Every structure is written in C-alpha cells, then in structure tokens.
Amino acid sequence: MSDIVPRSQVTKDGVKAAGAIAGGIALLVLAASSLFGIIAGGILTVAGLALSSSKSDRTAGVVTTVVGVAALATGILWRLIPGIPLLMRIAGFVFVGAGIYSLVKFFRGMKTRT
C-alpha cells in the first residue's frame with residue numbers, strides 16, 4: 001500500500017507539468033517563424049525581466065527571459081546559423097517530455113490521495 005503524497009507536492013507537480021508542456025509548445029512554435037519569433041521573443045524577454053523583480057517569481061522570470069532571448073536569437077540569427085531552430089525544437093521536445101513526466105507524477109499523486 002502506498003503512502004499519501006502531500007498536497008503541496010501534488011500541486012507542485014501539476015504546475016510544473018502545465019508550465020513545461022506550455023513552454024515546450026511555445027518553443028516549438030517560436031522556432032517555426034522568424035518575424036513572429038522576434039516579436040514574441042521581445043515580449044517574453046520584457047515579461048521575464050518584469051517577473052524576475054519579485055522574489056517569489058524569480059525562477060519563472062529567469063526561465064521566461066531565457067526563452068525570450070532564445071526566441072530573439074532564433075528569429076534574428078536563423079539565416080546566419082541554421083542550427084539554431086533545430087536546437088529550439090530539441091529544447092521544445094525536452095520541455096514537453098519533462099512536462100509529461102511531471103504530469104504522470106501528478107496523476108500518481110492524485111491516485112494516492114483518493
């Protein structure tokens with residue numbers, strides 16, 4: 001018989017799953033086009049910098065800033081360095097995979113709580 005997983009851990013796994021899957025899909029979309037990548041990258045960079053000023057949201061802000069800078073680099077440099085969109089796609093698939101893993105942990109934790 002398994003032990004009950006604490007609610008805080010189940011919540012943390014659910015939030016990580018949603019964030020990682022959404023971030024992975026965003027990276028895959030941003031790697032596909034140059035102009036949209038530049039615009040969205042600029043918005044994500046500014047939003048990440050604004051988020052990172054708060055102590056409680058610093059990690060999310062730094063991750064958002066890094067994704068924004070990566071999207072900007074992809075949009076600007078994709079013709080000069082053709083491997084950049086490939087790296088963005090790989091990172092997107094890694095994020096989606098990590099999100100699916102966290103989602104499985106979330107559902108396992110929910111199962112122990114019922």
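Numbering starts at 1 and runs along the sequence shown. Being a predicted model, the structure only gives us computed values, none of them experimental. Computed over heavy atoms, backbone and side chain alike; hydrogens, waters and symmetry mates excluded.
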Enquirer: Supply the atom-to-atom distance Lys105 NZ to Ile100 CD1, rounded to the nearest 0.5 angstrom.
Expert: 14.5 Å
Enquirer: To the nearest 0.5 angstrom, please state how far the CG atom of Leu30 sits from the CD1 atom of Ile38.
Expert: 11.5 Å
Enquirer: Could you tell me which non-hydrogen atom of Val10 sits nearest to which non-hydrogen atom of Met110, and how far apart they are?
Expert: CG1-SD, 3.6 Å
Enquirer: Search all heavy atoms of Ala98 against all heavy atoms of Ala20 and return the closest pair with its distance.
Expert: C-CB, 4.4 Å
Enquirer: After noting the C-alpha distance and the side-chain angles of Asp13 and Phe107, does the key distance pass the side chain to side chain contact (heavy atoms under 4.5 Å, CB included) rule?
Expert: CA-CA 9 Å; Asp13 288 338; Phe107 284 126; over 6 Å; no
Enquirer: Taking the side chain from Thr74 and the backbone from Pro85, do they hold a donor-acceptor pair closer than 3.5 Å?
Expert: no
Enquirer: Stepwise, does the side chain to side chain contact (heavy atoms under 4.5 Å, CB included) test hold for Ile21 with Phe95?
Expert: CA-CA 6 Å; Ile21 291 172; Phe95 267 120; over 6 Å; no
Enquirer: Phe106 versus Val15: any side-chain heavy-atom pair under 4.5 Å?
Expert: no
Enquirer: Identify whether Leu80 and Met88 are in the same connected component of the hydrophobic contact network (ILVMFWY, side-chain heavy atoms under 4.5 Å).
Expert: no
Enquirer: Measure the spacing between CG of Leu72 and CD1 of Ile43 and express it to the nearest 0.5 Å.
Expert: 10.0 Å
Enquirer: For Ala71 and Gly41, which heavy atoms make the closest approach, and how far apart are they?
Expert: CB-CA, 3.7 Å
Enquirer: Quickly, which of Val62, Thr64, Leu44, Thr65 forms a side chain to side chain contact (heavy atoms under 4.5 Å, CB included) with Leu49? Name it, please.
Expert: Thr65
Enquirer: Check the pair Phe36, Val29 against side chain to side chain contact (heavy atoms under 4.5 Å, CB included), reporting the backbone distance first and the verdict last.
Expert: CA-CA 9 Å; Phe36 179 69; Val29 169; 3.8 Å; yes
